[in-house]
K.L.:
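Mind looking over this structure? Questions follow.
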Number of protein chains: 2
Amino acid sequence: SDRAVSGAALTRDEAKITAVGVPDVPGTSYEIFSRIADRNVTVDMIVQNIGDGGRADISFTVPRDELAVTLEAIDEARTVTGDFDVTHDDQVAKVSVVGMGMATQAGVADRMFLALSEAEINIKMITTSEIKISTLVERDQALAALRAVHNAFALDQNPESIPPL
Amino acid sequence: SDRAVSGAALTRDEAKITAVGVPDVPGTSYEIFSRIADRNVTVDMIVQNIGDGGRADISFTVPRDELAVTLEAIDEARTVTGDFDVTHDDQVAKVSVVGMGMATQAGVADRMFLALSEAEINIKMITTSEIKISTLVERDQALAALRAVHNAFALDQNPESIPPL
Ligand SMILES: C[C@@H](O)[C@H](N)C(=O)O
Ligand SMILES: C[C@@H](O)[C@H](N)C(=O)O
């Protein structure tokens, strides 16, 4: 039922950073994120997938205007963890759906993915919790993505549609 | 302050599946997750990091006893999307922290990562939302991980520590 999803949100001004091939050993994440926290940068999505050959990629998003200071923090971390590559992209935006009923309902994620697929929007990154699914898309597709998701869950017809978290 | 984190949780009986090198084009995620939803399997963490060379890896967790039926769903998806590799691991567990104040506080993620690092626990996967940070660890390290995180945020001393979402 549509009640599983109560709202959709767009976060437009994010930049994505990827630490490519970091040592997949205890402590590496701490070395990176503690230096970012020291500079008072609030990190939004953090995504790490399963590593390969002792290395893993960690991507995360920060406010677009904090990209430069975040890259400094990562440069510092590399002197401690051992070298790895860093890529970044500030032409991205986050589109999410929220709802309390998600965790128990199979089929919410695929309806969101169907909506994006039909709008020919490529999903660059995915992260989820029990009440929220977030995707990173190209910034110039963000509004089309939000509209597609809104329609898929009939959010405009739902009077209780609350601005999500 | 500790108030940013109100609880920690352990989900023990999960299996992790990774679709390795899927075509990074609109529709691929839908083809995979719609077939899993058709079999009424509830997916927990979904993690996709930025792709490379037109391919991306998507990992997700399902209840351990639904691993076989999920692998069938993926085999079916492959006939539509084009071939990709599939790996799985049922010796994993999810350890998370929850809290309403996270989104605005730099430093929650790194405190969790420090706690896991000091307990010499390797983080296999990370996914986040504004109110929750989830990590996948080896199942045999799950209790040590939960204890480390509990201590880091002084959760046992916090009378309002509520069972999280
Ligand atoms: C890659 C990174 O997450 C590493 N596994 C760690 O535990 O910090
Ligand atoms: C990899 C997968 O997420 C693809 N980019 C999609 O949009 O479905």
Side-chain angles (χ1 to χ4, degrees), chain A residues 16 18 24-51 56-60 87 89 96 103-111 113-114 116-134 136 165, chain B residues 16 18 24-51 56-60 87 89 96 103-111 113-114 116-134 136 165:
Chain A
K16 183 277 307 173
T18 303
D24 192 4
V25 293
T28 304
S29 291
Y30 171 68
E31 297 297 345
I32 293 171
F33 289 100
S34 59
R35 287 175 173 78
I36 297 170
D38 288 348
R39 288 166 168 76
N40 254 329
V41 174
T42 303
V43 173
D44 184 13
M45 297 168 83
I46 302 175
V47 174
Q48 178 200 329
N49 208 331
I50 298 292
D57 298 343
I58 304 179
S59 291
F60 57 94
T87 64
D89 181 350
S96 328
T104 52
Q105 297 211 9
V108 172
D110 67 304
R111 273 175 68 189
F113 299 154
L114 176 62
L116 295 174
S117 166
E118 288 178 340
E120 295 185 4
I121 290 165
N122 195 41
I123 303 166
K124 297 171 75 82
M125 222 161 101
I126 305 171
T127 184
T128 63
S129 75
E130 282 77 354
I131 62 162
K132 185 168 187 157
I133 302 173
S134 292
L136 205 71
L165 287 161
Chain B
K16 183 277 304 173
T18 304
D24 193 2
V25 295
T28 304
S29 292
Y30 170 69
E31 296 298 345
I32 294 171
F33 289 99
S34 59
R35 287 173 172 79
I36 297 171
D38 288 348
R39 289 165 168 77
N40 255 326
V41 175
T42 303
V43 173
D44 184 12
M45 297 167 83
I46 303 176
V47 172
Q48 178 200 329
N49 209 332
I50 298 293
D57 298 344
I58 304 179
S59 292
F60 57 94
T87 64
D89 179 353
S96 328
T104 51
Q105 297 208 6
V108 172
D110 68 302
R111 275 174 71 188
F113 298 153
L114 176 61
L116 295 174
S117 166
E118 288 179 338
E120 294 184 359
I121 290 164
N122 195 42
I123 303 166
K124 297 172 76 86
M125 219 160 102
I126 305 171
T127 184
T128 63
S129 75
E130 281 78 355
I131 62 163
K132 185 168 187 153
I133 301 173
S134 292
L136 205 70
L165 287 161

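Order of the sequence lines sets the chain letters (A, B, ...), proteins ahead of strands, with each chain counted from 1.
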K.L.:
Let's test your reading of the structure: which of A:Arg39, A:Arg35, A:Lys124 forms the most heavy-atom pairs below 4.5 Å with chain B?
P.N.:
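The answer is A:Lys124.
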K.L.:
Flag the one option from B:Ser117, B:Ala56, B:Pro26 with the top tally of heavy-atom pairs under 4.5 Å to chain A.
P.N.:
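Of B:Ser117, B:Ala56, B:Pro26, B:Pro26 has the most heavy-atom pairs under 4.5 Å with chain A.
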K.L.:
Between B:Glu130 and A:Asp44, does the side chain to side chain contact (heavy atoms under 4.5 Å, CB included) criterion hold? Intermediate values first, please.
P.N.:
CA-CA 7 Å; B:Glu130 281 78 355; A:Asp44 184 13; 3.9 Å; yes
K.L.:
Show your working on side chain to side chain contact (heavy atoms under 4.5 Å, CB included) between B:Leu114 and A:Ser34 and close with a plain yes or no.
P.N.:
CA-CA 8 Å; B:Leu114 176 61; A:Ser34 59; over 6 Å; no
K.L.:
Check each atom of B:Asp89 against the heavy atoms of chain A and say whether the ones under 4.5 Å are side chain, backbone, both or neither.
P.N.:
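Interface part for B:Asp89: neither.
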K.L.:
Measuring from atom CD of A:Glu31 to atom CG of B:Asp110, what distance do you get when rounded to the nearest 0.5 angstrom?
P.N.:
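Going from the CD atom of A:Glu31 to the CG atom of B:Asp110 covers 10.5 Å.
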K.L.:
Sort out for me which of B:Ile133, B:Thr127, B:Asn49 touches chain A most, counting heavy-atom pairs under 4.5 Å.
P.N.:
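Heavy-atom pair counts peak at B:Asn49.
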K.L.:
Which atom names give the shortest non-hydrogen contact between A:Asn122 and B:Asp24, and what distance separates them?
P.N.:
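Smallest heavy-atom distance, with atoms named: ND2-OD1, 3.1 Å.
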K.L.:
How would you list, by chain and number, every residue that makes a ring-ring contact (aromatic ring centres under 6.0 Å, His included) with B:Tyr30, sequence neighbours excluded?
P.N.:
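B:Tyr30 satisfies ring-ring contact (aromatic ring centres under 6.0 Å, His included) with no residue once adjacent residues are dropped.
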K.L.:
Determine, step by step, whether B:Ile50 and A:Thr87 satisfy the side chain to side chain contact (heavy atoms under 4.5 Å, CB included) criterion, reporting the C-alpha distance in whole Å, the side-chain angles of both residues, the deciding distance to 0.1 Å, and the verdict.
P.N.:
CA-CA 10 Å; B:Ile50 298 293; A:Thr87 64; over 6 Å; no
K.L.:
Give, for atom CD1 of A:Ile123 and atom CD1 of B:Ile46, the distance between the pair rounded to the nearest 0.5 Å.
P.N.:
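Here the rounded value is 9.0 Å.
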K.L.:
Counting only non-hydrogen atoms closer than 4.5 Å, does A:Ile121 touch chain B with its backbone (N, CA, C, O), its side chain (CB onward), both, or neither?
P.N.:
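The answer is the backbone of A:Ile121.
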K.L.:
Using side-chain hydrogen bond (donor to acceptor under 3.5 Å, both in side chains) as the criterion, list what pairs up with A:Thr18, not counting sequence neighbours.
P.N.:
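With neighbours one apart ignored, the set is A:Lys16, A:Ser59.
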K.L.:
Does a side-chain heavy-atom distance below 4.5 Å link A:Thr128 with B:Val43?
P.N.:
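Not touching, per the 4.5 Å side-chain cut-off.
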